[in-house]
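Take a look at the structure below.
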Amino acid sequence: MGLKRQKLAKKTINFYKYNFSFREPFQILVDGTFCQLALKNKIQIKEQMPKYLMGEVKLCTTSCALKELETLGGDLYGAKIILQKFQLRSCPHFKKPVPASQCLLSMLGDTNPHNYFVATQDRSLTEGLKKIPGVPLLYIVFNTIVLDKVCQTSLDHVRAVQLGELVSPAQQQSITGLKKEQGIVQKDGERRGRKRKWKQNNPNPLSCLKKKKKSGPTPPKKIEDGKKRKRVRNKKPSTAGGDMPAPAVTNA
């Protein structure tokens, strides 16, 4: 395994781990086209996949993918035997199987909530998966497994989250968990609470009191016209040793 290819794979895996909360064991959805080419190139999927992704993996498929190989039969019998060894994930098409490409697209939905890797050689399926953010794609080139580079849809989604236009899956999960802890999760069809009827209250008694007039400074008393206030002067008595008037002399 080339060192350069290993470094590129590690960089891509770290991108999905940081931005889309991918964790080990990595879940890998595999279809019949991938198994057919792996058989042709003598690739041991169970042995090489964990080494390439540098972590524990869970290989899985759907009943629709198995049914498609059974229907085609013939040369795809070996691919069917390989695919049967993987874990079977339930899909909504159990009673009415659909083509494997359509089934895998429905498993991922619009946001790939279960963090699936997808291993396929189907070009039409690959084009559809690149329109969904956060979907790592695996395919085979000659005799090696290759992890595709991050698609533009995933890059645009991460940029929108960083700008605050969207909420990342990790943030959405933490918000949902906090709501459950606080008991404020609203179930479908459940009303938040009764409407409070508007009730007319009595007026505040303090607001009904008459306002007091502000008392200004007392004006000075006016003097009546024609009457002047007389000024009284108090005479001081003369002190001892001072000049006294001579007594009047009378003739005897």
*Do the side chains of L138 and L29 join up, straight or via other hydrophobic residues, at under 4.5 Å, putting them in one cluster?*
no
*I28, L66: one ILVMFWY side-chain cluster at the under-4.5 Å cut-off?*
yes
Please round to the nearest 0.5 Å and tell me the distance separating atom [atom1] of [X] and atom [atom2] of [Y].
{"X": "S101", "Y": "E127", "atom1": "OG", "atom2": "CD", "result": "11.5 Å"}
{"X": "H93", "Y": "C64", "atom1": "NE2", "atom2": "SG", "result": "5.5 Å"}
{"X": "Y77", "Y": "I82", "atom1": "OH", "atom2": "CD1", "result": "11.5 Å"}
{"X": "C35", "Y": "Q121", "atom1": "SG", "atom2": "CD", "result": "10.0 Å"}
{"X": "I43", "Y": "M49", "atom1": "CD1", "atom2": "CE", "result": "9.0 Å"}
{"X": "T61", "Y": "K80", "atom1": "OG1", "atom2": "NZ", "result": "12.5 Å"}

*Audit row: D122, S124, side chain to side chain donor-acceptor pair (under 3.5 Å) steps and yes/no*: CA-CA 6 Å; D122 190 342; S124 61; 2.7 Å; yes
*Is Q48 reaching over with its side chain to a backbone N or O of I145, donor-acceptor style, under 3.5 angstrom?*
no
*Any donor-acceptor pair under 3.5 Å from N14 side chain to K10 backbone*: yes
*asked:* Centroid separation under 6.0 Å, is that true for the rings of F26 and Y116?
replied: no
Close side-chain approach of [X] to [Y], heavy-atom, < 4.5 Å:
{"X": "K130", "Y": "L137", "result": "yes"}
{"X": "V57", "Y": "F117", "result": "no"}
{"X": "I140", "Y": "V146", "result": "no"}

_Closest non-hydrogen atom pair between N115 and S21, with its separation_ = ND2-O, 3.1 Å
